[in-house]
Student: 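First, the structure itself, so that you have it in front of you.
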There are 2 protein chains.
Amino acid sequence: MKKIDILKKLRSSGLRPTKQRVEIAKFLFEREKTFHFTVESLNKLLIKKLTSKIALATIYNTVHAFKIAGHLSEVEVRGKKTYFDTNISNHHHFYDSETAELIDIDANDIIIQKIPKAPNGKKIKNVEVFINLKN
Amino acid sequence: MKKIDILKKLRSSGLRPTKQRVEIAKFLFEREKTFHFTVESLNKLLIKKLTSKIALATIYNTVHAFKIAGHLSEVEVRGKKTYFDTNISNHHHFYDSETAELIDIDANDIIIQKIPKAPNGKKIKNVEVFINLKN
DNA sequence: AATCTAGTTTATAATTATTCTAAAGTGAAA
DNA sequence: TTTCACTTTAGAATAATTATAAACTAGATT
């Protein structure tokens, strides 16, 4: 994803392309593979990469704004920190609690044959499968 | 579940049946249906039910001890608070984010046809399906 | 280009869930 | 009934996240 596309992405979702947002967006979206992170891990990586520091609160704000805009998804993992994923397509996860690491599973690699009806007036928003790993 | 069984349950898992543990165990396990709760919600309910207050730290300790002993399971829901479930059999959940409510899904009500192999030297510990609901 | 302004960033304080601490209390073995 | 390892307790500490409010800035308006 090129700089011009980063700007487009931000503007089209109503986010003013500030210096900080552009830096974070470049870091997150200019990559081939999907990327899993927490705000803390992202902060550390940004400190290494950038010369000027971005305030932690800004990273929280930005990640949240990207999530609202649909550019990031939040992953259903229990634990202290919240995980985010640059893969916003419908998919599933392995979770290795030893290493606190997430691995994407393509939606096509899991087929659910039988599923219950949603209760009383509710609808199914999405189905997420979690495969917890051990050694 | 009767009082004598509560005592057995505690003793057999190496937990000294103190006044507080017995009260909490009675509250949690003397019921027909499975029960979902957070430490906060449990605390509020216990305050209503009991005459003497149990320290919040004790509720944390006890719930944790019950979980280690296998009498409770911790549910994988993203969010600030940790959810526990008196249903310790292998099963799945609906999650209604509007009401922050969990509903059990019997393991037999979901059949997974295809599942990927665990990565490099890892094994599958368990598979948990989450069905997120909307209105 | 200078001005303006709503939206943004920032440092720091506040909040919230949870864990830690260490002193006082207690089940149950001897 | 004495003893002691295990528990409970109140309150402090920790850690992730959110709120605050002052300073800053992208981009529209003049």
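Note that the coordinates shown come from a computational prediction; the quantities given were computed from them, not determined experimentally. Chain letters run A, B, ... following the sequence lines, proteins first and then strands; every chain starts at 1.
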Student: Please pick, from C/dT8, C/dA17, D/dT9, the nucleotide with the shortest atom-to-atom distance to any side-chain atom of B/K81.
Tutor: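 Given the options C/dT8, C/dA17, D/dT9, the side chain of B/K81 is closest to C/dA17.
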
Student: Using the closest heavy atom to pick a nucleotide of DNA chain D for each, name whichever of B/A57 or A/L56 lands nearer the 5' end.
Tutor: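 The answer here is B/A57.
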
Student: Check each of B/T18, B/L46, B/I6 against B/I24 using the side chain to side chain contact (heavy atoms under 4.5 Å, CB included) test, and report the only one that passes.
Tutor: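 Option passing the side chain to side chain contact (heavy atoms under 4.5 Å, CB included) with B/I24: B/L46.
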
Student: Using a heavy-atom cut-off of under 4.0 Å over every strand shown, decide if A/T38 touches base, sugar-phosphate, or nothing.
Tutor: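 It contacts nothing in the nucleic acid.
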
Student: For the pair made of NZ in A/K44 and C1' in D/dA16, what is the distance, rounded to whole Å?
Tutor: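 Checked: the NZ to C1' distance equals 13 Å.
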
Student: Quick one: A/H64 NE2 to D/dT17 C1', roughly how many Å, whole number?
Tutor: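 Spelled out: NE2 on A/H64 to C1' on D/dT17 is 11 Å.
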
Student: Between A/R78 and B/E76, does at least one N-O distance fall below 4.0 Å, as a salt bridge requires?
Tutor: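 The answer is no: the pair does not qualify as a salt bridge.
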
Student: State which of C/dT9, C/dG7, C/dA11 makes the closest approach to the side chain of A/N61.
Tutor: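 Nearest listed nucleotide: C/dT9.
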
Student: Applying side chain to side chain contact (heavy atoms under 4.5 Å, CB included) between B/F35 and each of B/D104, B/N87, B/T86, report the one that passes.
Tutor: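 The single option meeting the side chain to side chain contact (heavy atoms under 4.5 Å, CB included) with B/F35 is B/T86.
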
Student: Can you tell me which nucleotide in C/dT10, D/dT8, D/dT18 comes closest to the side chain of B/Q20?
Tutor: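 Minimum distance to the B/Q20 side chain belongs to D/dT8.
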
Student: If you check the A/I54 side chain, which of D/dA16, C/dT10, D/dA5 turns out closest?
Tutor: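 Among the listed nucleotides, the one closest to the side chain of A/I54 is C/dT10.
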
Student: May I ask you to verify if any side-chain N or O of A/Y60 is less than 4.0 angstrom from the OP1 or OP2 atom of D/dT17?
Tutor: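 For A/Y60, the contact criterion (side-chain N or O under 4.0 Å from OP1 or OP2 of D/dT17) is met.
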
Student: Let me spell it out: for each of B/R11 and B/E40, pick the nucleotide of DNA chain C with the closest heavy atom. Which residue's pick is nearer the 5' end?
Tutor: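 Between the two, 5'-proximity favours B/E40.
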
Student: Within the pair B/T82 and C/dT18, is there a side-chain N or O less than 4.0 Å away from OP1 or OP2?
Tutor: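 Yes, within the criterion.
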
Student: Report the nucleotide, chosen from D/dT9, C/dT10, C/dT8, that has the shortest atom-to-atom distance to any side-chain atom of A/T58.
Tutor: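 Nearest nucleotide to the side chain: C/dT10.
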
Student: What's the closest nucleotide to the A/V39 side chain, out of D/dT17, C/dT18, C/dT9?
Tutor: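 Of all the options, the side chain of A/V39 is nearest to D/dT17.
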
Student: Could you state the atom-to-atom distance from CD1 of B/I68 to C1' of C/dT19 in whole Å?
Tutor: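 It is 14 Å, rounded to the nearest whole Å.
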
Student: Under 3.5 Å, is there a donor-acceptor pair linking the side chains of A/H93 and A/D85?
Tutor: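 Note: A/H93 and A/D85 side chains meet the donor-acceptor criterion.
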
Student: Just the rounded figure in Å: distance from P of C/dA17 to CZ of B/F84.
Tutor: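 Roughly 14 Å, once rounded to whole Å.
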
Student: Over how many whole Å does the gap from A/L15 atom CG to C/dA6 atom P extend?
Tutor: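 Whole-Å distance recorded here is 19 Å.
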
Student: Which whole-number value in Å describes the distance from B/I59 CD1 to D/dA10 P?
Tutor: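 Interatomic distance, CD1 of B/I59 to P of D/dA10: 11 Å.
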
Student: Whether B/R21 contacts D/dT7 is assessed here as follows: a side-chain N or O lying under 4.0 Å from the phosphate OP1 or OP2. Is that the case?
Tutor: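 So the side-chain polar atoms of B/R21 do come within 4.0 Å of the phosphate oxygens OP1 or OP2 of D/dT7, strictly under.
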
Student: Report which part of the nucleic acid A/T18 touches: base, sugar-phosphate, or nothing (heavy-atom distance under 4.0 Å, all strands).
Tutor: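 Contact class for A/T18: sugar-phosphate only.
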
Student: Nearest-Å distance, NZ (B/K80) to C1' (C/dT18)?
Tutor: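 Answer to the nearest Å: 13 Å.
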
Student: About how many Å separate NZ of A/K49 and CG of A/L42, when rounded to the nearest 0.5 Å?
Tutor: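 Going from the CG atom of A/L42 to the NZ atom of A/K49 covers 11.0 Å.
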
Student: Using only heavy-atom distances, determine whether the side chains of B/N135 and A/K122 contain a donor-acceptor pair under 3.5 Å.
Tutor: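 Yes, side-chain donor-acceptor contact under 3.5 Å.
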
Student: C/dA17 P sits how many Å from B/R78 CZ, rounded?
Tutor: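 After rounding, the reported distance stands at 17 Å.
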
